[in-house]
Amino acid sequence: MIKNANSDLWAGCIGLALSVAFWFSIDEEIMRLSIMFPKAMIAIMALISILLLIKGILKAERQDLFNVGSNKRVLITALLFFVWGVAISYLGFFVSSVLAILAQAWYLALARRKVTLATLALWLAVAAGEVAFFYLIFTRLLHVPLPEGILI
């Protein structure tokens, strides 16, 4: 636990550093229309980071970091995101994303309640619908190729 830190200042610095890293890692070979969305998201992230920096400087609030919630859940969530990133290459975007959303929802729900098979089935349908929606938008409307794996 980090005691007595300015969380807005920390978040702004980390967000701005990530924005710069993402911006300079953009492949210039990508089609102009395909790169518009990532550039817009990076710009929004940078703007929010700058606003957090300004707030952290002008209205500094100090608090203990990592003392609320479960650090174990944060680490397992990060691990699930990492596994999802690796799984995309093997299973493809659609299958790995549905499984990642389902696993994340199941794991986080276990902290508050018992999860039944019917609940998992409903979550599977919602996750598949959500991923299908974004898959179609990116592949058909924006013409962004998404990784394909053994199924889709």
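In this structure, Leu122 is not a member of the same hydrophobic cluster as Leu117, with clusters built from ILVMFWY side-chain heavy atoms closer than 4.5 Å. Residue Phe138 is grouped with residue Met41 when hydrophobic side chains (ILVMFWY) are merged at heavy-atom distances under 4.5 angstrom, including chains of intermediate members. The hydrophobic cluster containing Leu18 does not contain Leu47, counting ILVMFWY residues as joined when their side-chain heavy atoms lie under 4.5 angstrom apart, directly or transitively. Val83 is not connected to Tyr90 by any chain of hydrophobic side-chain contacts under 4.5 Å among Ile, Leu, Val, Met, Phe, Trp and Tyr, and they are in different clusters.
Going from atom CH2 of Trp106 over to atom CG of Leu124 covers 14.5 Å, rounded to the nearest 0.5 Å.
Counting non-hydrogen atoms of other residues, nucleotides and ligands closer than 6.0 Å to CZ of Phe134 gives a total of 12 or fewer.
Here the side chains of Ile137 and Leu142 are in contact, with some heavy-atom distance below 4.5 Å. Residues Leu53 and Leu9 meet the side-chain proximity criterion, which asks for heavy atoms closer than 4.5 Å. With contacts defined as side-chain heavy-atom distances shorter than 4.5 Å, the pair Phe93/Val131 qualifies. Contact annotation: the side chain of Ile76 approaches that of Lys72 to within less than 4.5 Å [non-hydrogen atoms, C-beta and beyond]. A 4.5 Å side-chain heavy-atom check between Ile48 and Ile44 finds at least one atom pair inside the cut-off.
Pairing each heavy atom of Gly15 with each of Met45, the nearest pair is O-CE, 3.6 Å. Residues Ala127 and Ile101 come closest through the heavy atom pair CB-CG2, 3.7 Å. Between Trp123 and Ala109, the shortest heavy-atom distance links the atoms CH2-CB, 3.4 Å. Of all heavy-atom pairs between Ser96 and Trp84, the closest is O-CD1, 3.2 Å. Scanning all heavy atoms of the two residues, the minimum distance from Leu120 to Leu102 falls at O-CD1, 3.7 Å. Between Leu52 and Ala11 the shortest heavy-atom distance is CD1-CB, 3.9 Å.
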(request) Output, in order, the C-alpha distance, side-chain angles, deciding distance and verdict of side-chain contact (heavy atoms from CB on, under 4.5 Å) for Tyr135 and Arg140. (result) CA-CA 8 Å; Tyr135 184 84; Arg140 304 289 186 237; 5.7 Å; no

